Amino acid sequence: SPVAAPVQVVALDSYGYRPSPVRLAAGRAVTLHFVNRAGSRHDFTAPDFFRMARILSGNAPGGKVELARDQSRSVTLVPTAGTYRVRCTRPFHKLLGMSATIVVG
């Protein structure tokens, strides 16, 4: 059964993430609900963040959540304190501003 955890929506826009930075509480389960609101494929790539977190449900293979246009996906996890970098690995997207940080405190 799914873990009861507050939901934090993370929107992927054409060339950015909202909110930015993503702020989370260390050691507290949270469901990150990723929503791609852009007209093309994007990803939320944060290998250190996902590696340090304890994932309870959903997955982020290789530290990446990939979303086709209008797709959404959830990952429930317990984050570890720290500041982590996020970027989109699609060609040129990071250059166009598709990067952010996750602040876990």
Side-chain angles (χ1 to χ4, degrees):
S1 67
V3 175
V7 174
Q8 166 71 63
V9 173
V10 178
L12 287 71
D13 291 322
S14 289
Y15 295 107
Y17 299 103
R18 278 181 305 148
S20 181
V22 176
R23 295 187 183 277
L24 303 173
R28 293 229 178 117
V30 63
T31 295
L32 296 176
H33 184 67
F34 300 97
V35 181
N36 185 357
R37 298 199 171 128
S40 62
R41 174 177 287 279
H42 284 300
D43 60 64
F44 183 95
T45 299
D48 294 341
F49 171 73
F50 287 115
R51 188 176 64 246
M52 296 294 289
R54 186 160 53 92
I55 295 181
L56 304 175
S57 70
N59 61 3
K64 178 189 292 195
V65 175
E66 290 200 69
L67 298 170
R69 61 183 288 183
D70 300 325
Q71 189 180 23
S72 63
R73 184 167 289 159
S74 291
V75 179
T76 301
L77 50 74
V78 178
T80 297
T83 301
Y84 305 94
R85 298 169 65 108
V86 181
R87 65 192 171 89
C88 181
T89 61
R90 307 293 294 171
F92 305 113
H93 286 195
K94 184 177 181 229
L95 204 67
L96 293 164
M98 194 121 194
S99 62
T101 54
I102 304 167
V103 179
V104 183

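Fair warning: this is a prediction, and the values are worked out from it, not measured in the lab. Side chains are part of it too, since the values below use all heavy atoms of this structure and drop only hydrogens, waters and symmetry mates.
Counting heavy atoms from C-beta on, the side chains of D48 and R85 never come closer than 4.5 Å. In this structure, the side chains of R28 and P6 stay at 4.5 Å or more apart for every pair of heavy atoms.
Residue A5 comes nearest to T31 through the heavy atom pair CB-OG1, 3.8 Å, listed as atom of the first residue, atom of the second, then distance. Across all their heavy atoms, H93 and C88 have their closest contact at ND1-SG, 3.5 Å. Contact detail for A25 and P79: the closest heavy-atom pair is O-CG, 3.5 Å.
Atom CG of residue L67 and atom OG of residue S40 lie 11.0 Å apart, to the nearest 0.5 angstrom. Going from atom OG1 of T89 over to atom CG of D43 covers 3.5 Å, rounded to the nearest 0.5 Å. Here CZ of R37 is found 5.5 Å from CZ of R18. Values are rounded to the nearest 0.5 Å. Here CZ of R87 is found 12.5 Å from CG of L95. Values are rounded to the nearest 0.5 Å. Separation of atoms OG1 (T83) and CZ (R23) is listed at 8.5 Å; rounding is to 0.5 Å. How far CG of N36 is from CG of D13: 8.5 Å, rounded to the nearest 0.5 Å.
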### Query
Which is it for F49 and V22 under the side-chain contact (heavy atoms from CB on, under 4.5 Å) test, yes or no, and what are the steps along the way?
CA-CA 12 Å; F49 171 73; V22 176; over 6 Å; no

### Task
Step by step, work out the side-chain contact (heavy atoms from CB on, under 4.5 Å) result for L56 and V78.
CA-CA 7 Å; L56 304 175; V78 178; 3.9 Å; yes

### Message
Let's go through I102 and F44 carefully: what are the C-alpha distance in whole Å and the side-chain angles of both, what is the deciding distance for side-chain contact (heavy atoms from CB on, under 4.5 Å) to 0.1 Å, and is it a yes or a no?
### Response
CA-CA 11 Å; I102 304 167; F44 183 95; 3.8 Å; yes

### Task
Under the side-chain contact (heavy atoms from CB on, under 4.5 Å) rule, what do L12 and Y17 come out as? Steps first, then yes or no, please.
CA-CA 5 Å; L12 287 71; Y17 299 103; 3.7 Å; yes

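Hydrophobic clustering of Ile, Leu, Val, Met, Phe, Trp and Tyr side chains at less than 4.5 Å, counting indirect connections, unites V7 with V35. V86 and L96 fall into different hydrophobic clusters, defined by Ile, Leu, Val, Met, Phe, Trp and Tyr side-chain heavy atoms under 4.5 Å apart, directly or through other members. Criterion: ILVMFWY side-chain heavy atoms under 4.5 Å apart, direct or through other members. Under it, V9 and L77 are not part of a common hydrophobic cluster. A continuous path of Ile, Leu, Val, Met, Phe, Trp and Tyr side chains, each step under 4.5 Å between heavy atoms, connects M52 with L24, placing both in one hydrophobic cluster.
Partners of R41 under the salt bridge (Lys or Arg N to Asp or Glu O under 4.0 Å) rule, at least two apart in sequence or in another chain, are E66. Scored by the ring-ring contact (aromatic ring centres under 6.0 Å, His included) test, F50 finds no partners at all (sequence neighbours excluded).
At distances below 3.5 Å, at least one donor-acceptor pair connects side-chain atoms of H42 with backbone N or O atoms of S14.
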